[in-house]
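Residue numbering restarts at 1 for every chain, and letters A, B, ... go by the order of the sequence lines. What you see is a predicted model; the values in this text were computed from it and never measured.
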Amino acid sequence: MSKPIIDIRNISKVYQMGSQLVHALRDITVSINQNEYVALMGPSGSGKSTLMNILGCLDTPSSGTYFFNNTNVRELNDNELAEIRNREIGFVFQTFNLLPRASALKNIELPLVYSGVKKYDRIEKAEAALKSVGLEDRMEHKPNELSGGQRQRVAIARALVTSPSIILADEPTGNLDSKTGEDIMRLFQNLWESGNTIILVTHEEEIALHAKRIIRLRDGLIESDELNHNQVNFN
Amino acid sequence: MLYEIKESILLSFEALRSNKLRAFLASLGVVIGISIVIMMGWLLGGLDKAMQDTFSIIGTDMLYIDKWDWTGGDNWRNVRNRKNISLKQAEQLRKLHGTAEYVIPNINQWGTTIEYDGETYQGMTAVGTTAENAFTPVGNLLLGRYFNEFEEEYGSNVIVIGHLVYSTIFKGQDPIGKTIKLNGRPLRVIGVVKKRGTMFVDFIDRQMFLPLKKYAGIWNVDRKSMSIGIKAGLENNLDEVRTETIGLMRIIRNLKPNEPNDFSINETKAFEKSIETLRLNVYMIGIVMTSLAFIVGIIGIMNIMFVTVTERTKEIGIRKSLGAKKRSIWLQFLVESSFLCLLGAILSLIMCSGIAYLAATYLPTYFPEVSFLLPVLPTELFIIATLVSVFVGILAGLIPAIRAARLNPVEALRFD
């Protein structure tokens, strides 16, 4: 068995909310291998967003260890976390989170700017990424000139452009109609089939069914973690 | 890094364009502050130039022994009670002086009457002097020549006129060889002195120079005090020459060792002092006004930057999720606040250039005293204004930028 990309052991996350301590995650242990397609499921308040933030190196756990590609994330400082986010993780958000004033191409270039890629390579890579999501004719469009589905495609292209180790998608179809959502899910399936590792955070059963493995969270604990034998396949 | 700065400038530009009025109001304090710096520099530049002009009129290697102190340094009551410096004393000094290149007695008669071509002119000053006066800055002629030693010796009927005398009486005609009547005595014009007047010495172009002996034939030299011009030759000799001059003058005027000097030594240094005082006043007022304006300006920019950071919290979260380091975030906001200030500086420079040009072109017509004003801002002011504005921008943007860089990415992403 190959070494896991994500290796989380006994992590907990405790928030201070006023005078109350909130245990968002309690002693969670998970490992995810390369080219897995995992859905993180749970109702709101189950801790799935907290887990996603920790997986995405946007947040650090209160206790436990998190190895990302054999690197102990808890020992990293802010800049090193930023570097991991930049090179290893591609985020796709429910609200797309594109920069409103920048064109599609500029939005996709942004992660490359932060990793110091030269201008010529940057444009070439950004164009290739845009092409891979089928939006090569929308390069100079600003986000508000694109439909919801197109915006999400731009966001996916942005997540792909640095060739990250994992793609973290947080409710990627939450703001889309079901038809467009289906297109996006098809795109994720293609990405998975071409070798990408995908972690999908969702509270919708039908979306989760696209994944190969489903981890269910409840009250900060893992309720179940099993392979999905009914995977929805577009092919 | 370079690309990030370029990108930040473009971003700032966009942000400013969508908030023109806000940006303008925010940078108003900086605009005022920088304008004051520029105007101050401009005034001082003009003063410096006027000072240099004055120095070249007086001559930096010249001392003038006089009953009067030119800058009003000594108590005027004591000065008024001094005995006149007589022609005899001047001649003695001339004979005894060893270190000076030239010792040149001068005597002035204010308010003379000139007749020429049927017209009468009042208010010019006649100066009786020696041929050596040609070696002082007065010897710099526009037309003709100075009188020579023979003409001095014989008290010839010749005169060298100042520029204002020339322009008033001859109105551009060739004056050389023409005869004018000075208080009834006919004199032949042999030279015209170059125009030299500045704000500090405007009387100078009204002077006319004639041989001392001729002067003595027209006015009584015994009742007036002489002014003795002493040319040191080199600026480095000034101290030596000054020391000898004081010693000799004290002997000539029979001063006891405990008595103070009963004469004044006037030189460019004295003007330097009074101009230095003026400069200092301009500086002090300028610094106080500039500081106030910049404090207001910095607070204004800082405020607007805090608002900008809050408005862009979500954007900061997005950038952080894509791998922006703290440095990239604070850089972006520092560039933006510097850019805001730089635009303020450009605005001030345009405004002040206009004011300087208009003031220097039209004001001297009504107030000749301000003819020292320069119509163009000195180049170094452009550099200073730019540097100061960027510095102010960095100062004002520092705290908002650090706050932006420290934002927690999870919370920033959640912000709407």
- Task: Against chain B, label A:Leu81 side chain, backbone, both or neither, depending on which of its atoms sit under 4.5 Å from a heavy atom there.
- Result: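 Contact with chain B is absent: no heavy atom of A:Leu81 under 4.5 Å.
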- Counting heavy atoms not belonging to B:Phe24, are there more than 12 under 6.0 Å from its CZ?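 No, the 6.0 Å shell around CZ holds no more than 12 heavy atoms from other groups.
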- Below 4.5 Å from any heavy atom of chain B, which atoms of A:Gln94 appear? Answer side chain, backbone, both or neither.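 It is neither, since no heavy atom gets under 4.5 Å.
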- Query: To the nearest 0.5 Å, how far apart are CZ in A:Arg101 and CZ in B:Arg17?
  - Reply: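 Going from the CZ atom of A:Arg101 to the CZ atom of B:Arg17 covers 11.0 Å.
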- Item | Contact summary for B:Gly323 and A:Asn86, nearest pair of heavy atoms |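 Answer, listing the atom of B:Gly323 first, then A:Asn86: CA-CB, 3.6 Å.
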- Is it true that atom CZ of B:Arg22 has more than 12 heavy atoms of other residues, nucleotides or ligands lying nearer than 6.0 Å?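 More than 12 within 6.0 Å, yes.
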- Around B:Phe382, counting heavy atoms of other residues, nucleotides and ligands shown, do more than 12 lie under 6.0 Å from its CZ?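 Buried by this count: over 12 neighbours within 6.0 Å.
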- Task: Give, for atom OG of A:Ser115 and atom NZ of B:Lys325, the distance between the pair rounded to the nearest 0.5 Å.
- Result: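 Answer for the OG-NZ pair, A:Ser115 versus B:Lys325, is 9.5 Å.
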- Task: Below 4.5 Å from any heavy atom of chain B, which atoms of A:Asn53 appear? Answer side chain, backbone, both or neither.
- Result: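 Side chain only.
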- Query: Would you say A:Arg218 has more than 12 foreign heavy atoms packed within less than 6.0 Å of its CZ?
  - Reply: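 No, because the 6.0 Å sphere around CZ of A:Arg218 holds 12 heavy atoms or fewer from other groups.
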- Between CG of B:Leu413 and CG of A:Asp170, what distance do you get to the nearest 0.5 Å?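 The CG atom of A:Asp170 is 9.5 Å from CG of B:Leu413, to the nearest 0.5 Å.
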- Item | Contact leader toward chain B among A:Val113, A:Leu98, A:Ile89, A:Ile84, where contacts are heavy-atom pairs under 4.5 Å |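 Counting heavy-atom pairs under 4.5 Å, the top option is A:Val113.
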- Taking atom CZ of A:Arg9 as the centre, report whether more than 12 heavy atoms of other residues, nucleotides or ligands fall under 6.0 Å from it.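 No.
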- More than 12 heavy atoms of other residues, nucleotides or ligands under 6.0 Å from OH of A:Tyr15: is that the case?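 Above 12, so yes.
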- Of the backbone (N, CA, C, O) and the side chain (C-beta and beyond), which part of B:Arg319 lies under 4.5 Å from a heavy atom of chain A, both, or neither?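 For B:Arg319, the contact with chain A is made by backbone and side chain together.
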- Message: Using heavy-atom distances under 4.5 Å, tell me whether A:Asn79 contacts chain B through its side chain, its backbone, both, or neither.
- Response: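 Answer is both: backbone and side chain atoms of A:Asn79 are under 4.5 Å from chain B.
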- Item | Atom pair CZ (A:Phe91) and NZ (B:Lys320), whose distance is rounded to the nearest 0.5 Å |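 Going from the CZ atom of A:Phe91 to the NZ atom of B:Lys320 covers 13.0 Å.
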- Task: Against chain A, work out which of B:Ser321, B:Gly317, B:Ser328 has the most heavy-atom pairs shorter than 4.5 Å and name it.
- Result: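 Sorted descending by pairs with chain A, the first entry is B:Ser321.
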- Is the CZ atom of B:Phe415 crowded by more than 12 outside heavy atoms at less than 6.0 Å?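 Result for CZ/B:Phe415: enclosed.
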- Message: Let's go through B:Lys314 and A:Asn97 carefully: what are the C-alpha distance in whole Å and the side-chain angles of both, what is the deciding distance for side chain to side chain contact (heavy atoms under 4.5 Å, CB included) to 0.1 Å, and is it a yes or a no?
- Response: CA-CA 8 Å; B:Lys314 179 98 177 181; A:Asn97 284 354; 3.0 Å; yes
- Message: Rounded to the nearest 0.5 Å, what separates atom CD1 in B:Ile318 from atom OG1 in A:Thr95?
- Response: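 B:Ile318 atom CD1 to A:Thr95 atom OG1 measures 7.5 Å (nearest 0.5 Å).
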- Message: Other residues, nucleotides and ligands only: do more than 12 of their heavy atoms fall within 6.0 Å of CD on A:Gln16?
- Response: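 Enclosed: over 12 neighbouring heavy atoms sit under 6.0 Å from CD of A:Gln16.
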- A:Leu110, part contacting chain B, at a heavy-atom distance under 4.5 Å: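 Contact with chain B involves the side chain of A:Leu110 alone.
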- Measure the NZ-CG distance between B:Lys326 and A:Asn77 for me, rounded to the nearest 0.5 Å.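 If I round to the nearest 0.5 Å, the distance is 8.5 Å.
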- chain B heavy atoms under 4.5 Å from A:Arg87: which part of the residue, side chain, backbone, both or neither?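 A:Arg87 has no heavy atom closer than 4.5 Å to chain B.
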- Query: If you look at every heavy atom in A:Ala82 and B:Ala324, which pair is closest and at what distance?
  - Reply: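 Smallest interatomic distance, heavy atoms only, reads CB-O, 3.8 Å.
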